[in-house]
Amino acid sequence: MLKVSIVTATYNSAQFIKDCVESVYRQDYQHIDHLIIDGASTDHTIAEINSIPNRVANIVSEKDKGIYNAMNKGLQLADGEIIGILNSDDFYNSEDVISKVVAAFETTNADCVFGDLYYVNQEDTTKIVRKWVTGPYTKNAFRKGWHPAHPSFFVKKEIYERFGYFDEELQLAADFELMLRFLEKHRIAWSYIEKPLVRMRLGGATSNGITNMIEGNKECIKAFKKNKIPINPLYTVRRLVPKLKQFF
């Protein structure tokens with residue numbers, strides 16, 4: 001049976017970390033371990049994690065060079081055949097998410113599996129603000145503004161080992177660059193689950209303010225250049241349209 005490693009990067013995440021940890025603990029799939037890569041939090045993040053039932057196999061708490069550096073540490077520590085990244089203020093939408101993901105890997109022989117995502121109100125997580133319906137991948141889809149919701153993106157460990165980890169030169173779009181590199185450049189095999197896998201609280205780094213959105217778009221363009229993939233000059237507009245549709 002395939003083992004799944006879930007990597008969560010934390011830094012002063014005490015406010016919402018319980019929802020994240022509990023959602024992993026409640027999964028009906030048994031072969032899961034949860035890795036917490038903490039950036040030397042000064043609040044009670046670690047105490048919150050330890051206060052509830054969990055599947056945490058390892059906690060590393062030390063200063064890091066940012067969220068993608070923390071994620072890379074987790075990827076290298078993970079020993080599951082499948083790896084998922086779950087942000088500290090996000091949580092799985094249902095108790096059968098991982099079992100559905102594993103089934104998709106097993107039945108399709110995919111290298112990666114991704115699904116949909118709900119953006120929810122920060123305090124009332126039953127209130128859905130945006131729906132990210134990813135849809136299946138098609139050739140050159142990234143150039144048209146498409147990409148998977150990263151917290152729903154599960155990848156075989158061997159793919160990371162073959163094609164690399166997060167590019168730490170990017171501060172906001174290293175997850176985008178990694179998915180672009182895997183799917184568009186290296187054409188790894190994929191499977192799409194037409195269901196919401198994750199609930200994400202609004203207020204993350206790339207969605208918090210117009211400045212970050214602009215910088216994030218600049219980094220996405222840089223990601224195409226790094227991978228020598230040409231794009232249309234109107235790419236940023238094409239990227240915006242799918243996001244606007246998420247509100248309806």
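All values below come from the heavy atoms of this structure, side chains included, with hydrogens, waters and symmetry mates left out. The residues of the chain are indexed from 1 along the displayed sequence. Quick caveat: nothing in here was measured; it's all calculated off a predicted structure.
- Side-chain atoms of Ser41 come within 3.5 Å of backbone atoms of Asn12 as a donor-acceptor pair (strictly under, hydrogens ignored).
- At least one donor-acceptor pair under 3.5 Å links the side chain of Tyr68 to the backbone N or O of Leu172.
- Although no hydrogens or angles enter the test, the distance criterion places a donor-acceptor pair under 3.5 Å between the side chain of Tyr192 and the main chain of Gly135.
- Using cut-offs of 30° and 60° on the angle between ring planes, the pair Tyr160 and Phe166 is tilted.
- With respect to Lys3 and Glu81, no salt bridge is recorded, no charged nitrogen being found less than 4.0 Å from a carboxylate O.
- Counting only distance, with no hydrogens or angles, the side chain of Asn227 and the backbone of Ala223 share a donor-acceptor pair below 3.5 Å.
- Minimum heavy-atom separation, Ile17 to Glu48: CG2-CB, 3.8 Å.
- Ring geometry for Trp190 against Tyr137 counts as perpendicular: the plane angle is over 60°, on a 0 to 90° scale with 30° as the lower cut.
- Looking at Asp90 and Asn87, their side chains do bring a donor and an acceptor atom within 3.5 Å of each other.
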Exercise. Under the ring-ring contact (aromatic ring centres under 6.0 Å, His included) criterion, do Trp132 and His150 qualify, and how do the steps go?
Worked result: CA-CA 11 Å; Trp132 186 327; His150 183 244; over 10 Å; no
Exercise. Would Asp19 and Arg199 count as a salt bridge (Lys or Arg N to Asp or Glu O under 4.0 Å) if you check the C-alpha gap in whole Å, the side-chain angles of each, and the deciding distance to 0.1 Å?
Worked result: CA-CA 10 Å; Asp19 287 347; Arg199 292 196 172 216; over 6 Å; no
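- Here the closest non-hydrogen pair linking Ile37 and Ala70 is CG2-O, 3.4 Å.
- Residues Ile229 and Leu180 approach most closely at CD1-CD1, 3.9 Å, considering heavy atoms.
- Crowding of Glu169 atom CD: a count of heavy atoms from other residues, nucleotides or ligands under 6.0 Å not exceeding 12.
- Side-chain atoms of Asp111 come within 3.5 Å of backbone N or O of Ala189 as a donor-acceptor pair.
- Contact between Met71 and Ile85 at its shortest, heavy atoms only, is CE-CG2, 3.7 Å.
- Shortest non-hydrogen contact noted between Lys73 and Lys63 is NZ-O, 3.5 Å.
- In summary, Lys226 and Asp167 engage in a salt bridge, as defined by a charged side-chain N under 4.0 Å from a carboxylate O.
- For the pair Arg143 and Phe224, the cation does not sit on the ring face, since its NZ or CZ is not both under 6.0 Å from the ring centre and inside 45° of the axis.
- Between the side chains of Gln27 and Asp96, no donor-acceptor pair is found at a separation under 3.5 Å.
- Looking at every heavy atom in both residues, Leu197 comes nearest to Val97 through O-CG2, 3.4 Å.
- A salt bridge is defined here as a Lys NZ or Arg NE, NH1 or NH2 lying under 4.0 Å from an Asp or Glu carboxylate O, and Lys218 with Glu215 meets this definition.
- In terms of modelled atom types and a separation under 3.5 Å, the side chain of Thr134 and the main chain of Gly115 share a donor-acceptor contact.
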For this session: Take Arg201 and Glu123, measure what salt bridge (Lys or Arg N to Asp or Glu O under 4.0 Å) needs, and give me the verdict at the end.
Result: CA-CA 8 Å; Arg201 286 181 167 89; Glu123 300 299 333; over 6 Å; no
For this session: Go through the steps for Ser51 and Lys18 under the test side-chain contact (heavy atoms from CB on, under 4.5 Å), then give the verdict.
Result: CA-CA 9 Å; Ser51 72; Lys18 279 188 176 181; 3.5 Å; yes
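- Salt bridge Glu184/Lys139: absent, no basic N to carboxylate O contact under 4.0 Å.
- Not a single ring pair (Phe, Tyr, Trp, His ring centres under 6.0 Å) links Phe91 to another residue, sequence neighbours left out.
- Side-chain contact annotation: Tyr11 with Asp64, donor-acceptor N/O pair under 3.5 Å absent.
- In this structure, Phe182 and Phe163 have tilted ring planes: the angle between them lies in the 30° to 60° band.
- Remark: Tyr25 OH is loosely packed, at most 12 non-hydrogen atoms of other residues, nucleotides or ligands lying under 6.0 Å away.
- A centroid separation of less than 6.0 Å is found between the aromatic rings of Phe176 and Phe142.
- When side chains are defined from C-beta on, Val4 does not count as touching Val101, because their heavy atoms never get closer than 4.5 Å.
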